[in-house]
Protein chains: 2
Amino acid sequence: MPMDDTGTSDELNFCQACSIRNRAICADLDDTEIALLNRIGRRKHLTAGESLLWEGDEAVFVANVVTGMLKLSTTTGDGREQILGLSYPSDFLGRPYGETTPYDAQALTDATVCIFRRVDFERFAHEHPRLERKLLERTLGELDRSRRWMLLLGRMSAEERLATLLLEISERLAASTCGGDASPLDVFELPVSRQQIADILGLTIETVSRQFTRLREDEIIGMRGRREVEVLRRDLLEAIVG
Amino acid sequence: MPMDDTGTSDELNFCQACSIRNRAICADLDDTEIALLNRIGRRKHLTAGESLLWEGDEAVFVANVVTGMLKLSTTTGDGREQILGLSYPSDFLGRPYGETTPYDAQALTDATVCIFRRVDFERFAHEHPRLERKLLERTLGELDRSRRWMLLLGRMSAEERLATLLLEISERLAASTCGGDASPLDVFELPVSRQQIADILGLTIETVSRQFTRLREDEIIGMRGRREVEVLRRDLLEAIVG
DNA sequence: TTTCGCGTTTGACCTGAATCAAGGACCCGA
DNA sequence: TCGGGTCCTTGATTCAGGTCAAACGCGAAA
């Protein structure tokens, strides 16, 4: 089976060296199982802006995010986009047990994913209940996350939305760089443009820009250039979120 | 084990007579399994307005909706409510494999649910992979639904929201009265008040009322009294949703 | 260094839904 | 049939965020 990944010392079993090995759905599998899973999956690199899944397409692939950040989105009949959430390393993508892919998935940054043909994955899951339970737990967690996102979309002001995003990014960026559950970063590079932030939060670019300006004026955050954020008053940022 | 339900001829195995037997997660179980499941669950009746789950509580129970309609909601720190979705017969409620209940669940109409202690249910699921797979499929479906709801909350106008709700109710009410996949009802009783509709759609009662008036003026719907809706132009209603 | 171009910021204005404030209609019991 | 309460509708006003338009600033190419 061909593989895109060539950066690992052992191409034939990249799973064992996988950076998300202990956090993704494959976490509970033993070495034999990992080796089997390894055989049905492959690494794929995405450059920023590249799409992995298209809403409405036949659900051919499922995947795990290994590195980078993706957005999940859907579109109304008349073309308005709605971001459904963000995917970070160890998150699962795609729609097992479904005919069609329910959302678009697009890389916001350069990213690496580990993809499986859906039918292969389902057969493997069927034969390995531990994986299936892991997938269930992860899906339930995903449902919780998506419901928290609803609160953001349905009830939060522009200020609350941006504060929520900055906190989330600072936490999840820490988790994906330092491995385990590190403390959130106080200085970090925004992985996305203003326009992408606007899309993520369901706002316009102008509103996002104004909110950044306010947070800067209130000295809650500092910025060096357009992308580098320093959290000066995490307490106030958390107070805004409530 | 005590049971609230007394309306069934065979109290000791109400599952077999259950109206959602073929649609809920228990659908794939054989008679022996059903009998076992029956022993760990019990029926509970809810009157309109009564709560079944409270956000943040220890996750003690999970449940299946048998009859009626419930709303799932969450609340911001400062008291704003956000509806996360509606639950109809055969829908699953609660948070297996989780410590705390992630949302409030409140009956909008009189309702019957089939409840299980979470630990009992998890043990049973563990021992019966078919149930576990069913739960996974249902959870994935729930995730899809919750993401569609995001589109409503994040991007739809008041008019689009109400049209979406009217179509959904007319479809799901048909499904729950006639059993299988019946065609949507053209005349139906709204199961909820204007205020509840406003909460569901993330709008105010005044906005909802104004939108009802507009739909009536445009002769897209007719109304007899406050609760009875007649869909006059389903095509236009669907066009509004897009 | 200059210039170009794009991403971003800022300003002026508009709009859809929230808010505030009356009324109106229906239900139920007396 | 009459109150009286609740739910619903309607109107006037406000406001957050969207829209339109213009200027800014930073990096890359010349």
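So that the names make sense, note that chain A is the first sequence line, chain B the second, and so on, each numbered from 1.
- With sequence neighbours excluded, no residue satisfies salt bridge (charged side-chain N to carboxylate O under 4.0 Å, His left out) with B/R148.
- For the helix from C/dT1-D/dA30 to C/dA30-D/dT1, the end axes, each set by the C1' atoms of five terminal pairs, are bent relative to each other by 30° (nearest 10°).
- Residues passing the ring-ring contact (aromatic ring centres under 6.0 Å, His included) test with A/F116, sequence neighbours excluded: A/F121.
- Regarding contacts with the backbone of D/dT10, every side-chain N or O of B/S209 stays at 4.0 angstrom or more from both OP1 and OP2.
- With sequence neighbours left out, B/R138 forms a salt bridge (charged side-chain N to carboxylate O under 4.0 Å, His left out) with B/D91.
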**Request:** Report, as a single string ordered 5' to 3', how protein heavy atoms within less than 4.0 Å touch nucleotides 11-23 of chain C: B base, S sugar-phosphate only, - not at all.
**Result:** BB----SSBB---
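- A/R118 pairs by the side chain to side chain donor-acceptor pair (under 3.5 Å) definition with A/E122, not counting sequence neighbours.
- A/E142 pairs by the side chain to side chain donor-acceptor pair (under 3.5 Å) definition with A/R145, B/R147, not counting sequence neighbours.
- Applying the salt bridge (charged side-chain N to carboxylate O under 4.0 Å, His left out) rule to pairs touching residues 157-169 of chain B yields A/R80-B/E160, B/E159-B/R214, sequence neighbours excluded.
- Among pairs with a residue in residues 232-242 of chain A, those fulfilling salt bridge (charged side-chain N to carboxylate O under 4.0 Å, His left out) read A/D186-A/R234, A/R233-A/D235, at least two apart in sequence or across chains.
- With sequence neighbours left out, B/T100 forms a side chain to side chain donor-acceptor pair (under 3.5 Å) with no residue at all.
- Residue pairs that meet the salt bridge (charged side-chain N to carboxylate O under 4.0 Å, His left out) test with at least one member in residues 47-67 of chain A, sequence neighbours left out, do not exist here.
- Contact record, B/D199 with B/I83: O-CG1, 3.0 Å, taken as the closest heavy-atom pair.
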Pick out the pairs of N or O atoms, protein on one side and nucleotides 4-7 of chain C on the other, that lie under 3.5 Å.
{"from": "C/dG7", "atom 1": "N2", "to": "A/R226", "atom 2": "NH2", "distance (Å)": "3.1"}
{"from": "C/dG7", "atom 1": "N3", "to": "A/R226", "atom 2": "NH2", "distance (Å)": "3.3"}

